[in-house]
Structure formats: C-alpha cells, structure tokens
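Let me begin by presenting the structure, written as structure tokens, before commenting on it.
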Amino acid sequence: MPALSPTMASGSISAWKKQEGERVEQGDVLADIETDKATMEMESMEEGYLAKIILPEGSQNVNVGVPVAILCEEEGAVSAFSNYTPSDADASGASGKSQNKAPQEVSGGSEERAPQPEEAKTPPPPAGPPPAAKSGPSVAPKPTDGSRILASPLARRIARELGTSLEGMVGTGPGGRIVAIDVHEQAVPSADASTVAAMAAAYPEYVDKPNTTVRKITAARLLESKQTIPHYYLSIECNVEEMMKLRAQLNETLAASDGGKLSVNDFVVKASALALRKFPECNSSWHEDYIRQYKEANINVAVQTDHGLMVPVVHKACGKGLATISSEVKALASKAKEGKLTPEDFSGGTFTISNLGMFGIKQFCAIVNPPQACILAVGGAYPKVVSLGGDGYAERKYMTVTLSCDHRVVDGAVGAQWLQAFKGYVENPLTMIL
C-alpha cells in the first residue's frame with residue numbers, strides 16, 4: 001500500500017482495475033484507493049504482469065507498506081503465485097538470509113520472483129517461565145465471612161439499577177474500593193431472556209452504516225483537536241449591505257460574458273486572505289519548539305460530501321481575483337463530491353473557512369483544523385434594524401462570523417485585530433480589488 005498523500009497512514013481498496021495475469025505498463029492504474037482525503041488511483045511503478053492480488057476489493061484500513069499485490073517480470077512466472085498467500089511470505093521470511101530467497105510482496109508495483117521452496121524450520125525454543133504478574137487494581141473478592149464488599153454508595157445504587165453484582169469487580173478507588181465508573185465499565189447485567197428481549201424492543205429499527213475512511217480520519221483529527229488544542233472563540237457582526245450590492249453588480253457583468261456567478265463565500269475567502277496578510281500570526285501553526293508563520297495564505301474551504309467533510313485548498317488566495325477564486329472553489333467542490341481530489345487539491349492549507357450560512361445558520365463555532373491555528377465559521381446574512389443617528393432607523397443586512405483560535409499560537413488581541421481587518425474588507429468591499 002503506497003502513501004498517496006502526505007498525511008495518509010492507511011487506505012481502503014475500493015476496486016482493482018487490473019486482473020491477475022494481466023499485462024501492466026508503468027503508470028497503469030492498478031486500483032482505486034480510498035484515503036483519508038479522497039478516492040485516488042494507485043499507479044504501477046514498474047512494468048510486468050499482475051501475478052497475484054493479495055488483498056481483495058473492500059479491504060479496509062490497510063496500513064501504508066502492507067503488501068497488496070505481486071508483480072512479476074515474465075508472464076510464465078504468473079502461475080507460480082496462483083496459491084500464494086501472505087502467510088507464505090512470513091514462513092519463508094524466517095529463512096530470508098539463506099540462499100533461497102523468499103518472494104517479496106510489493107505495494108504500488110514492484111517486480112516479484114517466483115517463490116522458492118522453504119528450508120526446514122528449526123523448532124522454537126521451549127517457552128520460558130511466565131512473566132510475573134503486574135500489580136494493579138485489586139479485585140473485590142467474594143465475601144465468605146459475611147463481610148461487605150468495599151464499594152461507594154453510588155456504585156451500589158448503580159449496580160442495583162443495572163441488575164448486576166459487585167462481586168469480582170476491579171476497584172480503582174482508594175484501597176481497592178469500587179466506584180461508580182467501575183460499575184459502568186464492568187457491569188454484567190443478570191437479566192433473563194425476557195428482560196433482554198424487552199430492552200432490545202425498546203429501540204426503534206435501525207441501520208448500521210459503515211464509516212468511510214474519510215469520516216474515520218476526520219473524527220480522529222477533530223477529537224485530537226479538541227483534546228490537545230486550547231480553543232477560544234471571537235465573534236463579530238459585519239454589515240454586508242455594500243458587499244451584497246457589489247456582488248449583484250459584478251454578477252450582472254459576469255452574466256453578460258458568461259463568466260459564472262460570485263457567491264458570498266468568494267468574498268469571504270478573499271477578505272480572509274487579505275486579513276491574513278495584515279496579521280500573519282493567524283496564518284501560522286504550532287510546533288513544540290517554534291511557531292511556523294506562512295508567507296502565503298492558502299485557504300481551505302469546507303465542503304460536505306457523501307463521504308464526509310472535505311477541505312480543498314485555494315492556494316495563494318491573496319493574489320487571485322474574485323472571479324478566479326469563484327471558479328476554483330466551484331471546481332474543487334465538484335471534485336470533492338465526486339471523490340476525485342488530488343493531493344495538490346487538499347494539501348498545504350494554512351487557514352480554514354466553514355460556511356453554513358446557506359442553511360440558515362446565523363452563528364456557530366468551528367473546530368480548529370490541525371495543524372492550523374485558526375478557522376472561521378461563517379453564518380448567513382440577516383436583516384437588522386440599525387440607528388442612522390439623527391436620520392432615524394433603517395434595515396441593513398448583517399453577517400456574524402466566529403474565529404476559533406489556538407491560544408498557543410494566536411493571542412486574544414491578535415485574533416480580535418484580525419477580525420477587525422476582515423470586517424473592514426467586508427464592509428468596504430472595493431478595498432478587496434484595489
């Protein structure tokens with residue numbers, strides 16, 4: 001299994017594009033691999049014949065470096081691998097230093113030689129004495145003299161409600177006392193068959209849907225983010241009246257030349273990139289011994305797909321016009337939904353934008369996308385009555401944005417200054433195109 005992206009640790013085999021015995025040229029697509037970002041093509045690095053497919057379609061979470069197929073140079077050698085299994089490599093690997101070398105499985109396409117007969121195996125040495133038992137939490141023994149099991153009152157009450165016994169439980173409290181968490185983790189309800197059936201019937205019918213690789217990786221990284229990154233959140237309201245007017249004018253111009261249509265998010269991407277240029281502290285990432293500050297603003301844009309949340313990148317957004325940003329975001333979103341993003345499409349991001357305004361969400365807080373230091377959560381535009389001083393009141397459109405920051409990298413005042421700069425560009429949108 002090759003590493004098809006910089007962050008890939010494992011992949012799932014969606015489909016094999018070549019059959020066993022088929023001729024393979026260098027650069028031919030061997031299989032579709034579902035990675036942590038997208039479904040990508042695994043190309044052959046060598047020419048030859050596909051002698052054996054070790055892992056079939058549907059194999060999940062295959063670690064990088066694990067053999068998935070075997071290529072051989074000559075067509076006549078294909079039949080030698082007809083009954084080959086991964087265990088054959090393990091067995092022959094024990095005699096790898098002998099004259100008869102075992103076949104070496106490949107990932108991503110390297111050549112193979114036919115397996116050689118195994119040498120006689122040396123019987124393993126007799127097992128030594130079992131290791132000494134490690135000390136750990138004490139197990140509550142079954143009382144034989146009428147004494148009570150050491151357990152907290154709460155633990156006893158929970159055990160009664162669950163219909164389980166405290167006997168044999170491992171106590172993690174002081175002196176081996178059984179506490180509430182021990183009961184929750186070790187409870188074995190002593191329910192009869194009718195009780196179990198009644199409990200099962202209490203739930204509605206359901207369907208278990210397997211998690212995709214993208215969703216598993218997203219879950220792991222977001223959990224890591226919330227557990228290891230000290231988040232804080234800053235919100236600000238932006239008057240988008242002028243931005244909406246300029247957007248309408250530009251869309252009329254673009255419509256005349258069939259140049260597409262600008263979205264609010266295109267303005268948000270551009271304003272974010274320009275604000276990052278003013279306050280590069282927000283365009284940074286945390287490392288143990290230093291903070292890395294990036295010189296270009298590469299903006300990740302969150303896209304919801306059937307496979308999970310994807311975050312393709314608009315590279316060097318500061319130097320791109322609104323129309324260019326708009327066309328790139330549309331193209332990247334389409335590729336993300338089709339599962340066709342390349343590593344270049346989702347690598348190198350320094351700042352992320354998540355926009356739920358199109359769903360009627362007014363405000364929300366997003367989770368920082370590591371190793372980045374900030375993510376901007378964008379709500380929808382909504383009408384608001386504001387005072388015009390001595391000229392009475394008027395209705396204006398406002399948009400609330402919330403900046404989530406890694407406090408190790410971005411101090412509160414810096415985050416606030418970034419939001420002020422972002423607000424300035426949104427409320428005076430002509431400054432974005434000067």
Side-chain angles (χ1 to χ4, degrees), residues 1-124 210-217 220 307 338-343:
M1 176 65 71
L4 299 176
S5 72
T7 60
M8 177 179 169
S10 63
S12 301
I13 302 174
S14 299
W16 282 101
K17 299 300 185 181
K18 295 288 185 179
Q19 303 297 321
E20 291 183 357
E22 191 172 348
R23 174 71 181 175
V24 176
E25 301 293 339
Q26 184 176 1
D28 282 357
V29 176
L30 293 174
D32 287 340
I33 305 297
E34 184 183 349
T35 71
D36 56 339
K37 298 292 187 182
T39 299
M40 304 178 67
E41 296 177 340
M42 181 180 78
E43 297 182 355
S44 175
M45 303 300 293
E46 304 285 347
E47 62 180 24
Y49 293 86
L50 182 57
K52 184 68 176 179
I53 293 176
I54 299 176
L55 297 180
E57 293 183 1
S59 297
Q60 300 287 321
N61 301 322
V62 181
N63 290 334
V64 169
V66 171
V68 296
I70 295 175
L71 287 180
C72 62
E73 292 181 343
E74 303 297 334
E75 185 177 8
V78 171
S79 59
F81 294 94
S82 58
N83 297 320
Y84 183 83
T85 63
S87 59
D88 295 334
D90 296 336
S92 57
S95 56
K97 295 182 180 180
S98 65
Q99 294 181 355
N100 295 327
K101 293 185 179 180
Q104 178 182 358
E105 296 131 316
V106 300
S107 57
S110 58
E111 59 191 39
E112 282 299 328
R113 300 189 182 277
Q116 301 293 330
E118 297 182 11
E119 293 184 356
K121 297 182 181 179
T122 303
N211 289 324
T212 63
T213 301
V214 171
R215 191 168 294 278
K216 289 178 181 178
I217 297 298
H307 310 288
E338 296 172 0
K340 296 182 178 180
L341 290 175
T342 64

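- By the side chain to side chain contact (heavy atoms under 4.5 Å, CB included) test, Thr342 is found to be paired with Lys335, Glu344, Asp345, residues two or more places apart in sequence or in another chain being considered.
- Panel note: side chain Lys340, backbone Thr39; no donor-acceptor pair is recorded below 3.5 Å.
- You'll find the side chain of Asn63 reaches within 4.5 Å of the side chain of Ser10, heavy atoms only.
- Remark: Thr212 engages no residue in a side chain to side chain donor-acceptor pair (under 3.5 Å) (not counting sequence neighbours).
- Here the closest heavy-atom approach between residue Ile70 and residue Tyr84 is recorded as CD1-CE2, 3.2 Å.
- Partners of Glu41 under the salt bridge (charged side-chain N to carboxylate O under 4.0 Å, His left out) rule, at least two apart in sequence or in another chain, do not exist in this structure.
- Using a 4.5 Å cut-off on side-chain heavy atoms (C-beta onward), Glu47 and Arg23 make contact.
- Here the closest heavy-atom approach between residue Ala69 and residue Leu50 is recorded as CB-CD1, 3.9 Å.
- Listed by chain and number, the residues in a side chain to side chain donor-acceptor pair (under 3.5 Å) with Gln19 amount to none (sequence neighbours excluded).
- The CG atom of Leu30 sits 5.0 Å away from the OG atom of Ser44 when rounded to the nearest 0.5 Å.
- Between Pro2 and Glu43, the closest side-chain pair of non-hydrogen atoms is not below 4.5 Å.
- Qualifying side chain to side chain contact (heavy atoms under 4.5 Å, CB included) partners for Glu74, counting only residues two or more places apart in sequence or in other chains: none.
- Checked against side chain to side chain contact (heavy atoms under 4.5 Å, CB included), Gln26 has no partners two or more places apart in sequence or in another chain.
- Residues Ser12 and Thr213 come closest through the heavy atom pair OG-OG1, 3.0 Å.
- Glu20 is listed as a side-chain neighbour of Lys52, based on a closest heavy-atom distance under 4.5 Å.
- Proximity of Lys18 to Tyr49: side-chain heavy atoms (C-beta onward) are nowhere separated by under 4.5 Å.
- Applying the side chain to side chain contact (heavy atoms under 4.5 Å, CB included) test to Lys216 and every residue at least two apart in sequence or in another chain returns Asn61, Asn211.
- Residues meeting the side chain to side chain donor-acceptor pair (under 3.5 Å) test with Lys17, sequence neighbours left out: Asp32.
- Residues Ile13 and Pro56 are not in side-chain contact: their nearest non-hydrogen atoms beyond the backbone lie 4.5 Å or more apart.
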- Message: Go through it in stages, so that I can follow the logic: the residues are Met42 and Val68, the test is side chain to side chain contact (heavy atoms under 4.5 Å, CB included), and I'd like the CA-CA distance, side-chain angles, deciding distance and then a yes or no.
- Response: CA-CA 11 Å; Met42 181 180 78; Val68 296; 4.2 Å; yes
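- Atom CD1 of Ile53 and atom CD of Glu22 lie 9.0 Å apart (nearest 0.5 Å).
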